[in-house]
Amino acid sequence: MKILITGGAGFIGSHLAQYLVKNNHQVFILDDLSSGSLNNIAKIHSSLLHFQKGSILDERVLEKIIDSVDVIYHLAAVVGVQLVVKHPLKTMENNVKGTENVLKIANKKRKKVLLTSTSEVYGKSCKDKFSENDDLIIGPTSKSRWSYACSKIVDEHLALAYFKEKKLPVVIVRLFNTVGEGQSGRYGMVMPRFIKQALNDENITIYGNGKQSRCFCYVGDVVWALKKLMDREEAVGEIYNIGNCENVTINELADRVVKLTSSKSKKIYIPYEEAYGEGFEETMKRIPDIDKINKLIGFQSKFNLDAIIERMKNSI
Ligand code: UDP
């Protein structure tokens, strides 16, 4: 099969490309290299991989490449809380206009699209577990963190509208915190940052009081699920959470990283305003309900937190 991955030079996109090439698919990557990098795909030595530098905002480039493939994994987006807070305009433009372009051209060419959304859309919900039909509780527009969630909510609505009105086959996934080899800490992602700090015996920078918690899913589990969902007819027009259910506070995460790297690092606490700028709002807990995806494709994450840290510490 010929497959397009928008954002294929990014962290998740490059793991997906590697997985698809290994399974003998021809993979076409479109990436503007704004946060992705050629380093991420340099390890994929295969004539099945094709790279094109370009933006999803460029309709001509998009039209040509979509014409040459069978299906599309749409991952290209501005991601990472730090990046989003710093570039709210680019976030809205790329994530809304870019996705609109992908869906419009996919519809014209009648190509199936898997859209990657985010657990961030659940916003400030206080529920124990987030499931796909829950209300989405977003903070005020004056706090730019929420521009990311809002852009992805619009993307989901657009995709569902194309499905309902035009019968375009779309699958929507909400990715919870995804981690693994090759992930950069540059845009704020906590796991690669803590592991790097620990390996260098530097202070571990905890934002806020560290009582906020997250569930970290190994990227290999995520790309496996993406392919399985793309292949299932029943997934069309549906939304699926993808994530690990092992919940850990950021304090515990720091302790586990320090222990598993035998580091001398100490934890330090940095106020949110210092880390992200004035008026930042934190999400205190985010656990996925994975019943829906589990029922369809038997999804369970195979790597627990310690196994993930072990893998990542050898690649940083
Ligand atoms: N975080 C932290 N120190 C860092 C980077 C992040 O304490 O150096 C915290 C961050 O405030 C959040 C959690 O770790 O509570 C996860 O952050 P990340 O940016 O990885 O993902 P997200 O906030 O999107 O869940």
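Indexing begins at 1, ligand by ligand and atom by atom, following the structure's order. Only this structure's heavy atoms are used, side chains among them; waters, hydrogens and symmetry mates stay out.
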Cationic tip of Arg145 above Tyr276 ring, under 6.0 Å, 45° of axis: no
Residues Leu20, Tyr73; criterion side-chain contact (heavy atoms from CB on, under 4.5 Å); working and verdict: CA-CA 11 Å; Leu20 295 172; Tyr73 289 86; 4.0 Å; yes
Side chain to side chain contact (heavy atoms under 4.5 Å, CB included) against Arg193, all qualifying residues, sequence neighbours excluded: Gln197, Thr205, Tyr207
Under the side chain to side chain contact (heavy atoms under 4.5 Å, CB included) test, residues paired with Glu246 that sit two or more places apart: Asn244, Arg256, Asn304, Leu305
Residues Asp255 and Lys259 bridged, charged N to O under 4.0 Å: no
Sequence neighbours excluded - salt bridge (charged side-chain N to carboxylate O under 4.0 Å, His left out) pairs with any residue from residues 127-140: Lys127-Asp134, Asp128-Lys285
Within the protein, residues bringing a heavy atom under 4.0 Å of ligand 1, chain by chain: Val81, Arg145, Asn177, Gly188, Met189, Val190, Arg193, Phe194, Thr205, Ile206, Tyr207, Gln212, Arg214, Ile250, Tyr272, Tyr276, Glu282, Arg286
